[in-house]
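Residues: numbered from 1 along the sequence shown. For clarity, every value in this text was computed on a predicted model and none was experimentally measured.
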Amino acid sequence: SGCVVYFSLRLKNKFLKDNKINLFGIDGAVVSIIYILSITTLGSIQFYTMNIGRVAGIFITYLFAKKYRISGGGICGTLTAFGILLCSPNLAHNTLTLCACGVMAGVIAGFKKIPMTVSFLTTSVFGLVVAGLNDDTFMMLTDIAVATVLYLVFPDDAENAVFKFFSRRK
């Protein structure tokens with residue numbers, strides 16, 4: 001918990017100084033650590049058949065795939081999978097498909113939201129079938145569906161407002 005406090009304080013101080021969160025270098029690593037730990041924490045919350053951590057992670061993967069394309073989708077998908085792995089190894093098997101899903105969403109991110117979500121959904125269905133159907137497969141599909149609906153109804157203006165706080169410069 002000491003590391004979490006240190007990283008959170010470092011991120012807060014940098015944000016107060018620059019009014020932006022830098023996604024490059026050590027600050028990017030700090031953001032990644034805080035993201036993983038947030039997904040791990042949220043991953044312990046089950047709401048009916050939905051896992052809140054996976055829903056949040058998939059939603060954020062959509063956002064970052066749209067903004068930062070292949071790298072944003074791939075990195076967020078991987079960090080989400082890692083966060084869920086830390087929370088519950090039983091859920092991680094299917095969640096690992098998010099890495100490929102984020103990359104594919106990033107590939108199609110130049111188009112509108114619908115083609116991007118269709119590519120994400122298609123990749124996830126194929127990935128889940130290849131990974132093997134198990135008890136968690138349909139819960140994972142529920143998480144993906146909920147996150148997809150949230151992303152589709154999320155206003156573009158709000159999306160732009162979120163990314164005003166991030167910077168990719170050195």
Side-chain angles (χ1 to χ4, degrees), residues 11 14-15 18-43 45 47 50-85 87 91-92 94-131 139-170:
L11 193 64
K14 287 289 266 184
F15 180 74
D18 301 335
N19 289 332
K20 290 210 180 268
I21 297 172
N22 190 4
L23 298 176
F24 186 83
I26 190 70
D27 293 333
V30 168
V31 170
S32 297
I33 290 167
I34 291 174
Y35 178 78
I36 289 169
L37 294 174
S38 300
I39 294 298
T40 300
T41 302
L42 290 173
I45 303 170
F47 184 73
M50 292 181 301
N51 181 286
I52 302 303
R54 281 200 302 205
V55 171
I58 294 165
F59 177 75
I60 292 169
T61 299
Y62 272 129
L63 290 177
F64 274 78
K66 182 68 175 172
K67 178 69 175 178
Y68 298 115
R69 309 290 173 106
I70 296 169
S71 60
I75 290 170
C76 275
T78 303
L79 294 176
T80 299
F82 188 65
I84 295 298
L85 173 68
C87 173
L91 298 178
N94 288 335
T95 308
L96 291 173
T97 60
L98 290 180
C99 307
C101 297
V103 169
M104 284 308 298
V107 168
I108 309 294
F111 298 102
K112 300 287 184 191
K113 284 184 174 183
I114 299 291
M116 189 174 125
T117 55
V118 168
S119 74
F120 190 97
L121 290 168
T122 304
T123 306
S124 63
V125 168
F126 284 129
L128 290 171
V129 168
V130 169
M139 291 192 300
M140 177 70 178
L141 288 172
T142 302
D143 295 342
I144 292 170
V146 169
T148 300
V149 169
L150 287 174
Y151 176 69
L152 289 172
V153 299
F154 195 68
D156 289 336
D157 293 340
E159 193 173 322
N160 294 333
V162 166
F163 284 107
K164 285 182 182 177
F165 296 109
F166 292 100
S167 169
R168 284 184 57 181
R169 60 186 157 78
K170 296 181 182 181

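- A 4.5 Å side-chain heavy-atom check between Leu85 and Leu96 finds every atom pair outside the cut-off.
- For Ala109 against Arg69, the heavy-atom pair with the smallest separation is CB-CD, 3.6 Å.
- Smallest separation of non-hydrogen atoms from Ile60 and Cys76: CG2-SG, 4.1 Å.
- When all heavy atoms of Leu42 and Ala56 are compared, the closest pair comes out as CD1-CB, 4.0 Å.
- With a 6.0 Å radius and a threshold of 12 heavy atoms from other residues, nucleotides or ligands, Phe126 has its CZ atom at or below the threshold.
- Annotation: side chain of Lys14 is not in contact with side chain of Ile21 (no heavy-atom distance under 4.5 Å).
- When atom types are taken as modelled, the side chain of Asp27 and the backbone of Asn22 share no donor-acceptor pair closer than 3.5 angstrom.
- Side-chain contact check for Leu63 versus Phe154: some heavy-atom pair is nearer than 4.5 Å.
- Here side-chain hydrogen bond (donor to acceptor under 3.5 Å, both in side chains) pairs that include residues 33-43, with residues two or more places apart or in two chains, are Tyr35-Thr80.
- Interatomic distance, Ser32 OG to Leu37 CG, rounded to the nearest 0.5 Å: 10.5 Å.
- Scanning all heavy atoms of the two residues, the minimum distance from Gly43 to Asn51 falls at O-ND2, 2.8 Å.
- No side-chain heavy atom of Val55 sits under 4.5 Å from any side-chain heavy atom of Phe47.
- Every residue was checked against the ring pair (Phe, Tyr, Trp, His ring centres under 6.0 Å) condition with Phe82, not counting sequence neighbours, and none meets it.
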Run the side chain to side chain contact (heavy atoms under 4.5 Å, CB included) test on Val103 and Thr123 for me, step by step, so that the C-alpha distance in whole Å, both residues' side-chain angles and the decisive distance to 0.1 Å come before the verdict.
CA-CA 10 Å; Val103 169; Thr123 306; over 6 Å; no
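- Scanning for salt bridge (charged side-chain N to carboxylate O under 4.0 Å, His left out) contacts around Asp156 gives Lys113, with sequence neighbours left out.
- By the 4.5 Å heavy-atom criterion applied to side chains, Ile114 and Leu152 are counted as neighbours.
- Atom-to-atom distance recorded for Leu79:CG and Ile84:CD1 is 12.0 Å, nearest 0.5 angstrom.
- Here CD1 of Ile39 is found 13.0 Å from CD1 of Ile34. Values are rounded to the nearest 0.5 Å.
- Distance CD1/Ile58 to SG/Cys101: 8.0 Å, rounded to 0.5 Å.
- Side-chain N/O atoms of Tyr151 and Thr117 include no donor and acceptor closer than 3.5 Å.
- Side-chain atoms of Lys20 do not come within 3.5 Å of backbone N or O of Phe165 as any donor-acceptor pair.
- Annotation: the span from Met139 atom CE to Ile144 atom CD1 amounts to 12.5 Å, rounded to 0.5 Å.
- Within the model, atoms CE of Met140 and CG of Leu98 stand 4.0 Å from one another, a figure rounded to the nearest 0.5 Å.
- Scanning both residues, Ala65 and Ala105, for their nearest heavy atoms gives CB-CB, 4.0 Å.
- No side-chain heavy atom of Val146 sits less than 4.5 Å from a side-chain heavy atom of Phe59.
- Between Leu11 and Val31 the shortest side-chain heavy-atom distance falls below 4.5 Å.
- Two residues are said to be in side-chain contact when any heavy atoms from C-beta on lie closer than 4.5 Å; Tyr62 and Met116 meet this criterion.
- A donor-acceptor pair is defined here as one N or O able to donate and one able to accept, closer than 3.5 Å; such a pair exists between the side chain of Ser124 and the backbone of Leu121.
- The aromatic rings of Tyr68 and Phe163 sit perpendicular, their planes meeting at an angle over 60°, well past the 30° parallel limit.
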